[in-house]
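First comes the structure, then the notes that go with it.
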Amino acid sequence: MSTLARKLPFKPNRMLVQLLLLLLIILFFSFQAPYFLSFTNFMNVLNQMVEVGLIAIPMTMIIISGAMDLSVGSILAFSAVCMGIAFEGGLNIWLSVIVGLLAGLACGAVNGYLIARHRMQAIVVTIGMLVMLRGLVYVLNEGRPVSGFPDAFYFMGQQYIWGIPFNAIFLAVMFLLVTFVMKKTRFGAYVYGIGNNEETVHYSGISVIRTRFILFLLSGLFSALAGVFLVSRLASAEATSGTNIELDVITATLIGGTHIFGGRGSLSGTFVGLLIIVFLRNGLNLLGVSVLYQSVILGILLLIAVGKQKA
Amino acid sequence: MKRLLNIHEAPTILFTLLIGIIFAFISPAFLGLDNVKLILDQNTTTCIVAIGMTMVILLGGIDLSVGSVLALTATSVGLFLSSGMSPWLASLLGVAVGVLCGIFNGYFIAVLNIPDIIVTLASMYIFRGLAVGISGGTWMTNFPSQFQFFGQGKLLGISFPLLVAIILVIGFVLLLKFTRFGRRIYAIGGNKSAARLAGIGIAKSKFTVYVYSGMLVGIAAVIFASKVGSVQASTAGSNLSFEVMAAVLIGGGSIFGGIGTIAGTVVGVLLMGMIKNGLIIAKVSPFWVDAATGFLIILAIVINTLQHVRQNRRKGGELI
């Protein structure tokens, strides 16, 4: 690898390697799967990547700050089901959406309170939340899906504006917004700082607790948003939604060059990682590869992505 | 009395007794001899897996892949059996599959130095996919009657799986207490840099621990397959890693590493088993079981952190 890198006429930066990988995947599937290279399919991919993408935003920030959130899939399902139940209870659909978002925020707040305030291990707390919320989702709903939402609500997940899905536009705006926050505001600098050296940040008079807490709140909020978009796209709130989504999210983030030990990474990288994952999944789907084999491939990709990182 | 309360596992034991008494009041059938036997019998697989998880957590690590290793091993045992192998040989090969999975995890974690959470998250999906792949997505059933001995047979009046679990528990308690390997695990978990300076091969110990863990899951998988009589690769042991982790943490294992015993873990496994069994006897919706597991994990880490803070305060060493 290193000898190859020296022979190249340009300096191979990480972004370029990722874009090349993305291009290779697109080329490969264009030749293998006949329906892959078409405008409809690409728009379809964009439409489907929103949930993973929305969660990948706060996940990138959390991993940059040196922690990890495994509970995102369960928070997604929890807020989706809360929204569904609120709607069934006779609430206006937009009020139900707010209920769902508040449920996600509450989960994020619990995570944040335990992890930031009491300095508990993020991995264990979020695994606990993962199991507990998934159980609660089944308890709340007895495993039965909620559907029958009004047409106006499906706008979020199914409407196309000038041929581009609305939710993909929303995702792009979110990415730009958070990239701005991470690059140009103090908060972004604090996140990188905590990932690099928490104690220095603490002794600089910056509240590590508050920054961490906000990060987990954001994670809860974005997971809930992803839940709302998922319900809008699939037209039903199910207890199983969002299972195993953390594999996609974490793989996208880590392929995107965010360092597993924190301190390094970028949202633009995550976006490219996200595209790699969704095009890979879409291509494999078109080739008829089972979802479980896709998980094997993603798992191997995850190992490779992290294996290349050196502390 | 004071010495009794100073035992690290004292809160867990008290809590277990308390839960037992509560359930006994709710439903009189709970403390019946049959039910106690049932609880012991139902939790042998969890207990065997938990031994390996205790060692992993003692090192300050975590293993999310045990459920998938169980599925992979159980399906391959099913395949070996259906190809006409003798039950003993098939079981031995099954354990070997578990060891191979452990070697896979150990190689990436110890040799390549990738964080264990990432490796086991990835291998969780990889092993699960392999299990479904080799099984062809169908149920593994029709095990020969001799094979049922491993999960349902009796030896000297005790059920065979329980006997295996007891032997393994005693063996690993001794291993952790009295061998160099066991003391090294505690040393690495307690203070990694000190252990390295003392000349302990950290990579080697880590690798060995993951291999042992894989072997134990392999043994548990054989018992599981034989007891249940049918294995579905996509769901077998799907929540096992979380349950086992909860058991270890509740049993007094510290997520920071270096603290915890197998005896405590066994109590933790019993507590989890009692809660599951009690909820079902009390006719609570089975969906609550998962919620309870998650809640127990969070409770355990809360207790864990409180203990950690208290110990550090006693030392007075922490700056922040």
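Lettering follows sequence order; numbering is per chain, from 1.
For A:L298, no part lies under 4.5 angstrom from a heavy atom of chain B. Neither the backbone nor the side chain of A:L133 comes within contact range of chain B, judged by heavy atoms closer than 4.5 Å. Of the two parts of A:I260, only the side chain, counted from C-beta on, holds a non-hydrogen atom closer than 4.5 Å to a non-hydrogen atom of chain B. Both the backbone and the side chain of A:L136 come within contact range of chain B, each with at least one heavy atom under 4.5 Å from a heavy atom of that chain. Of the atoms belonging to B:F295, heavy atoms from both backbone and side chain fall under 4.5 Å from chain A. Residue contact with chain B, scored on non-hydrogen atoms closer than 4.5 Å, involves the side chain of A:I250 exclusively. Proximity to chain A is limited to the backbone of B:L130, based on heavy atoms less than 4.5 angstrom apart.
The minimum heavy-atom distance linking B:M53 with B:S241 is given by the pair CE-O, 3.9 Å. Residue A:I62 comes nearest to A:S219 through the heavy atom pair CD1-CB, 3.7 Å, listed as atom of the first residue, atom of the second, then distance. In plain terms, the two heavy atoms of B:F104 and B:F127 that are nearest each other are CD2-CZ, 3.6 Å. Here the shortest heavy-atom pairing between A:M59 and A:D69 reads CE-O, 2.9 Å. Of all heavy-atom pairs spanning B:Y186 and B:G260, the tightest one is OH-O, 2.7 Å. Listed here is the closest heavy atom pair of A:R212 and A:A116: CB-CB, 3.4 Å.
Residues forming a side chain to side chain donor-acceptor pair (under 3.5 Å) with A:T60 (at least two apart in sequence, or on another chain): A:T270. Judged as a side chain to side chain donor-acceptor pair (under 3.5 Å), and not counting sequence neighbours, the contacts of A:N197 are A:T200.
Here the side chains of A:S65 and A:T211 are not in contact, with every heavy-atom distance at 4.5 Å or above. Residues B:I62 and B:M245 are in side-chain contact: their nearest non-hydrogen atoms beyond the backbone lie under 4.5 Å apart.
Counting heavy-atom pairs closer than 4.5 Å to chain B, the top-ranked of the candidates A:L70, A:L114, A:I123 is A:I123.
Interface residues of residues 117-125 of chain B toward chain A, defined by a heavy-atom distance below 4.5 Å and sorted by number: B:I117, B:I118, B:V119, B:L121, B:A122, B:Y125. Within residues 125-132 of chain A, the residues that have a heavy atom under 4.5 Å from a heavy atom of chain B are A:V125, A:I127, A:G128, A:M129, A:L130, A:V131, A:M132, listed by number.
At a threshold of 4.0 Å, the pair A:R134-A:E246 does not count as salt-bridged, since none of the basic side-chain nitrogens sits closer than that to a carboxylate oxygen.
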Would you check, one step at a time, whether the test salt bridge (Lys or Arg N to Asp or Glu O under 4.0 Å) holds for B:K206 with B:D116?
CA-CA 10 Å; B:K206 261 194 179 173; B:D116 38 23; 5.3 Å; no

